[in-house]
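Each remark here refers to the structure printed beneath this line.
In what follows, chains carry the letters A, B, and so on, assigned in the order in which the sequence lines appear, proteins first and then strands, with residues in each chain numbered from 1.
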Amino acid sequence: MTAAHWLVKSEPNAYSFADLQRDGSTVWDGVRNNAAALHLKAMKVGDEALFYHSQEGKEIVGIARITRTAFPDPGDPSGRFVAVELAPVKSLPKPVTLADMKAAPALSGMAMIRQSRLSVSPVTKAEWDVILTMAG
DNA sequence: GCCAACGTTGGC
DNA sequence: GCCAACGTTGGC
């Protein structure tokens, strides 16, 4: 089974890719959305995720790797939601902006474009390859 | 700052 | 169990 691909969003004001690089790894918690939680639960160690900055930047800035599969979110009293752990892989030579992605026909079906509020979404291998090519 | 999308809550 | 009201997210 090949590793799956994902996209995670973060407001850089709250937690940026630079923060992840500084920390070495982080607990990806605070997701309070069922669809996003399902994706978190589907993540495997070794899967890679595009790291997207929402609001500020609106661009994919780096790649992260899943280092721990889903466990109950420590900050969620209801026990419904989960967290994973991420580590930085590398920053992209050239960030890929939302405008770039919208302008690319190959990416028009992307989950994050079709449903912009989803904070964790799957990325197909084809989409992944297109984005990495765009990133230089 | 506004508004659209969409998930969640609560009254019935 | 339905659905209106409300809250939150995120692009513009």
Side-chain angles (χ1 to χ4, degrees):
Chain A
M1 182 59 198
T2 18
H5 300 94
W6 310 96
L7 180 145
V8 296
K9 289 185 181 178
S10 184
E11 288 186 42
N13 290 334
Y15 197 86
S16 68
F17 190 69
D19 292 331
L20 179 62
Q21 290 181 309
R22 181 201 58 213
D23 293 347
S25 76
T26 195
V27 173
W28 202 254
D29 60 1
V31 173
R32 293 292 180 269
N33 173 286
N34 240 333
L38 285 175
H39 295 137
L40 289 179
K41 288 176 188 172
M43 290 179 175
K44 301 274 198 304
V45 171
D47 285 359
E48 291 187 320
L50 300 167
F51 196 107
Y52 176 80
H53 281 172
S54 62
Q55 321 243 40
E56 288 282 322
K58 282 173 290 193
E59 57 191 9
I60 295 168
V61 292
I63 296 171
R65 182 179 175 278
I66 313 304
T67 55
R68 182 180 173 190
T69 51
F71 57 95
D73 186 332
D76 171 33
S78 79
R80 281 190 297 162
F81 297 110
V82 295
V84 297
E85 280 183 17
L86 299 182
V89 175
K90 62 171 185 177
S91 58
L92 297 182
K94 191 158 73 78
V96 178
T97 67
L98 181 63
D100 291 340
M101 288 187 274
K102 285 188 168 173
L107 301 179
S108 62
M110 270 190 82
M112 76 143 317
I113 287 174
R114 299 209 331 265
Q115 197 178 339
S116 69
R117 285 185 52 217
L118 197 54
S119 57
V120 181
S121 59
V123 175
T124 68
K125 181 66 163 63
E127 291 161 354
W128 180 272
D129 290 343
V130 168
I131 287 166
L132 289 203
T133 301
M134 290 166 74

Could you tell me the separation between the [atom1] atom of [X] and the [atom2] atom of [N], rounded to a whole number of Å?
{"X": "A:R117", "N": "B:dC6", "atom1": "CZ", "atom2": "P", "result": "8 Å"}
{"X": "A:E59", "N": "C:dC12", "atom1": "CD", "atom2": "P", "result": "14 Å"}
{"X": "A:Q55", "N": "B:dG1", "atom1": "CD", "atom2": "P", "result": "14 Å"}
{"X": "A:R80", "N": "B:dT8", "atom1": "CZ", "atom2": "P", "result": "6 Å"}
{"X": "A:I60", "N": "C:dG11", "atom1": "CD1", "atom2": "P", "result": "12 Å"}
{"X": "A:N33", "N": "B:dT9", "atom1": "CG", "atom2": "P", "result": "12 Å"}
{"X": "A:L118", "N": "C:dG10", "atom1": "CG", "atom2": "P", "result": "9 Å"}
{"X": "A:N13", "N": "C:dT9", "atom1": "CG", "atom2": "C1'", "result": "14 Å"}

It should be established whether [X] places a side-chain nitrogen or oxygen under 4.0 Å from OP1 or OP2 of nucleotide [N].
{"X": "A:Y52", "N": "C:dG11", "answer": "yes"}
{"X": "A:Q115", "N": "B:dG7", "answer": "yes"}
{"X": "A:K102", "N": "C:dC12", "answer": "yes"}

Inset, instruction - Report yes if the side chains of A:E85 and A:V27 come closer than 4.5 Å at any heavy-atom pair, otherwise no. - result: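 Side chain of A:E85 against side chain of A:V27, heavy atoms only: contact under 4.5 Å found.
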Legend entry - Closest approach of A:G136 to A:P93 (non-hydrogen atoms, all atoms of both residues):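 In this case the closest contact between A:G136 and A:P93 is O-CG, 3.4 Å.
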Inset, instruction - Just say parallel, tilted or perpendicular for the rings of A:W6 and A:H39, cut-offs at 30° and 60°. - result: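 Answer is tilted, since the angle falls between 30° and 60°.
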Legend entry - Spatial distance of atom CE (A:M112) from atom OG (A:S119) [nearest 0.5 Å]: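 One gets 10.5 Å once the value is rounded to the nearest 0.5 Å.
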